Amino acid sequence: MPVSSNLANEPARVVEMFRKMLLIRAFEEAAGQAFHDGHVRGSVHQYIGEESIAVGICANLRDDDFLTSNHRGHGHSIAKGAHPRAMMLELFGRVGGTSNGKGGSMHIADFSVGMLGANGVIADGCTISVGAAQAIRLLKQDRIVVNFIGDGGINRGPFMEALNWAKVYELPVLFVCENNQIAASTTTRLVTAGEGIAKRAESFGIPAATIDGNDLFEVDSTTARVVAEIRNGSGPQLIQAMTYRLRGHFAHDPAAYRDPRELEAALGREPMVRTEAWLLENGVGADEIAALKAEVDDEIAGYVDEALNAPWPDGSLAFTDVQDVGAPEYPGEGR
Amino acid sequence: MTEMTYAQAARLGLQEEMARDPLVWALGEDLGFEGGMAGQYKGLQAEFGDDRIVDTPISESTIMGAAVGAALAGTRPIAEMRFSDFAMCAVSELVNQGAKARYMFGGQGRVPMVARMPIGIRGGIAAQHSQSPEAWYAHTPGLVVVTPATPADNRGLLKASIRCDDPVVYMEHKGLWGMVGEVDENDQEPIPLGVAATIRSGSDITIVSWAAQVGVAAEAADALAADGISADVIDLRTLYPWDRDAVMNSAARTGRLLVVHEAVRVGGFGGEIAAEVAETLGVPVARLGGERIPIPFSIPLEEAYKIKADRIAARVKRMLA
Ligand SMILES: Cc1ncc(C[n+]2csc(CCOP(=O)(O)OP(=O)(O)O)c2C)c(N)n1
Ligand SMILES: [Mg+2]
């Protein structure tokens with residue numbers, strides 16, 4: 001497990017993390033395109049502009065650590081190790097998707113890498129994280145749980161309940177608040193009292209670090225420290241990662257409520273550009289970066305192609321995995 | 001008559017009621033700029049101010065609980081939940097508090113609020129955004145449950161719900177937001193709660209439905225007509241109190257009842273209507289409802305859940321055979 005607080009001395013590791021970020025970016029661009037092309041239905045909440053957070057956090061986790069996510073979960077899933085191929089198939093609703101088409105974008109999960117699920121209900125992941133941590137304690141394991149929540153989500157009761165509970169029982173939970181300052185079309189500052197999420201956590205006695213989420217290095221070093229502390233029994237902690245949502249709330253939101261100058265300013269601070277600039281300054285050639293991008297784009301394009309041509313699930317699959325006792329029977333086509 | 005969508009009609013109804021009664025106000029997420037999920041609040045914040053169209057934090061329990069408190073304190077709030085799925089974050093506030101306050105406190109107060117929570121399948125929004133839990137609320141003493149199926153009804157029933165002194169669970173169907181229909185803008189009268197609408201007249205069977213499933217039932221009735229079978233199709237419009245007279249009169253005349261709803265059949269409200277009709281009239285009854293599975297994402301899976309017109313027609317033919 002790579003635990004490092006000195007990423008700047010490990011350019012090879014930066015390249016590896018940058019590649020993951022590229023993979024997320026390419027996945028999200030492709031998902032948005034597929035939505036606009038009518039191949040993907042429902043809601044696609046893109047993670048574009050926040051890639052450094054998921055990658056920086058998850059690079060410091062073990063495969064068997066747990067993660068709970070929210071509606072904007074593609075980046076979290078890829079960073080935790082879910083396969084983008086299976087995720088793309090899921091978005092397209094095809095056989096071979098992470099849920100064989102049962103879930104779609106907002107319900108991607110990969111339990112094999114501890115990814116306990118995206119979530120369509122804001123802040124419901126918070127309490128699930130507490131429960132996973134209780135299980136870890138009961139089973140005397142040394143895993144930890146990471147819960148991703150948005151800055152809008154912190155105003156739901158379950159978030160506050162989960163903070164309190166996690167601290168009362170000193171559970172191994174890392175709450176990560178991705179503060180992009182917006183919730184759908186609402187500027188969160190206008191609907192959030194007090195000095196914000198970090199103060200809220202601190203009022204429960206939970207240590208909180210506020211960092212520049214678009215700075216991969218800062219995310220990595222903070223996470224390395226905090227994860228080590230939690231694993232050593234510090235109890236819950238919170239990281240507030242400041243960031244910016246570069247696109248609409250979902251793929252079909254033009255975000256007309258936003259001042260275009262704000263977006264323009266944010267483009268200069270976005271994580272891909274900054275990480276790439278660091279690589280260029282630190283001996284990685286432009287050609288190498290271009291090759292990396294081409295490779296990742298190819299990879300994702302391949303998954304889209306595959307998803308377009310993959311078989312649809314049979315209607316009978318809608319009736320599996322509901323429950324054991326009292327399982328529904330597939331009534332067949334000719335009902 | 002003006003053509004407008006189901007969403008536009010709802011907006012019109014709300015606008016009229018807000019203009020008529022300064023005690024009417026709404027609270028919920030993204031109502032101001034966005035104007036609600038389907039534009040059903042569009043422009044109303046600009047027109048009536050931000051203390052009457054209130055943008056809230058993502059705090060469903062408080063949106064609902066605040067509506068209960070504001071209703072007890074003498075106003076007529078509309079708690080916008082966006083999806084009935086999210087209203088589940090606020091069930092205690094509605095069921096333990098709003099529905100029972102008048103009764104528990106011996107009639108000292110009233111809860112004239114509307115808990116607005118769209119239901120149903122819209123296509124690809126899966127298990128946590130597609131549910132139809134109307135039976136839960138119909139089961140709860142103290143609540144009125146309304147399920148509009150047309151643009152005109154979405155204006156008129158919303159107006160009646162806002163004027164109602166009881167807490168009303170108002171369930172628009174997400175699949176109908178874009179449905180276009182005629183609305184008489186000159187007629188400002190609300191559509192009375194508890195009164196069903198007969199949308200096809202027939203003599204062989206009574207089909208009762210509500211919300212988006214009404215259109216599917218009508219489609220089935222039209223197909224059946226081509227085969228010489230005439231169905232009376234009733235849009236219940238209000239689930240509680242449901243229009244017993246309309247349903248009983250029709251079923252007594254046709255001698256058969258089929259209830260069709262998108263919600264899960266097991267424990268669905270169709271069972272209540274079918275049982276009442278069977279007990280009262282002794283005529284054959286049947287139900288069609290969703291299988292007891294969560295709503296899946298992928299097209300063929302979602303399709304496997306839906307109750308389509310051909311299934312309704314086939315069921316009717318079996319009943320007549
Ligand atoms: C309980 C609940 N209420 C409302 C919604 C609708 N909704 C989905 S995402 C969202 C905004 C979330 O904002 P934030 O938590 O800041 O996350 P971001 O989208 O910025 O990543 C809202 C209101 C929901 N999914 N669940
Ligand atoms: Mg946000």
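None of these values were measured; they are calculated from a predicted model. Protein chains get the first letters and strands the later ones, always in sequence-line order, with residue 1 at the start of each.
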Contact origin within [X] toward chain A - heavy atom pairs under 4.5 Å:
{"X": "B/Glu29", "result": "neither"}
{"X": "B/Thr62", "result": "neither"}
{"X": "B/Asp30", "result": "both"}
{"X": "B/Ser59", "result": "both"}

If you count heavy-atom pairs under 4.5 Å between each of [options] and chain B, which one has the most?
{"options": "A/Ile122, A/Asp124, A/Thr186", "answer": "A/Thr186"}
{"options": "A/Asn119, A/Val40, A/Leu190", "answer": "A/Asn119"}
{"options": "A/Ala256, A/Gly103, A/Ala184", "answer": "A/Gly103"}
{"options": "A/Pro313, A/Gly315, A/Gly152, A/Pro328", "answer": "A/Pro313"}

[Y] ring center within less than 6.0 Å of [X] ring center:
{"X": "A/Phe35", "Y": "A/His252", "answer": "yes"}
{"X": "A/His71", "Y": "A/His107", "answer": "no"}
{"X": "A/Tyr47", "Y": "A/His76", "answer": "yes"}
{"X": "A/His83", "Y": "A/Tyr303", "answer": "yes"}

Might you work through the side-chain contact (heavy atoms from CB on, under 4.5 Å) test for B/Trp136 and B/Met88, ending with a clear yes or no? CA-CA 11 Å; B/Trp136 300 10; B/Met88 291 170 194; 3.7 Å; yes
Which atoms of A/Asp253 come close to chain B, meaning under 4.5 Å heavy atom to heavy atom: side chain ones, backbone ones, both, or neither?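 Neither part.
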Using heavy-atom distances under 4.5 Å, tell me whether A/Val121 contacts chain B through its side chain, its backbone, both, or neither.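 Both parts, backbone and side chain.
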Could you check whether B/Asp50 and B/Gln45, counting side-chain N and O atoms only, form a donor-acceptor pair closer than 3.5 Å?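 Checked: B/Gln45/B/Asp50 side chains show no N/O donor-acceptor pair below 3.5 Å.
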Tell me which one of A/Val304, A/Leu91, A/Ile48 satisfies side-chain contact (heavy atoms from CB on, under 4.5 Å) with A/Phe27.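 Of the listed residues A/Val304, A/Leu91, A/Ile48, the side-chain contact (heavy atoms from CB on, under 4.5 Å) partner of A/Phe27 is A/Leu91.
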Below 4.5 Å, heavy-atom pairs only: which of [options] has the largest tally toward chain A?
{"options": "B/Ala126, B/Ser61, B/Gly123", "result": "B/Gly123"}
{"options": "B/Gly32, B/Pro294, B/Cys89", "result": "B/Cys89"}
{"options": "B/His129, B/Glu60, B/Arg315", "result": "B/His129"}

Find out whether the Lys NZ or Arg CZ of B/Arg122 is both under 6.0 angstrom from the six-membered ring centre of B/Trp177 and within 45° of the ring's axis.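 Checked: cation-pi criterion not met.
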I'd like to know if B/Arg82 and B/Glu34 make a salt bridge, using a cut-off of under 4.0 Å between side-chain N and carboxylate O.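 Answer for the salt bridge query: yes.
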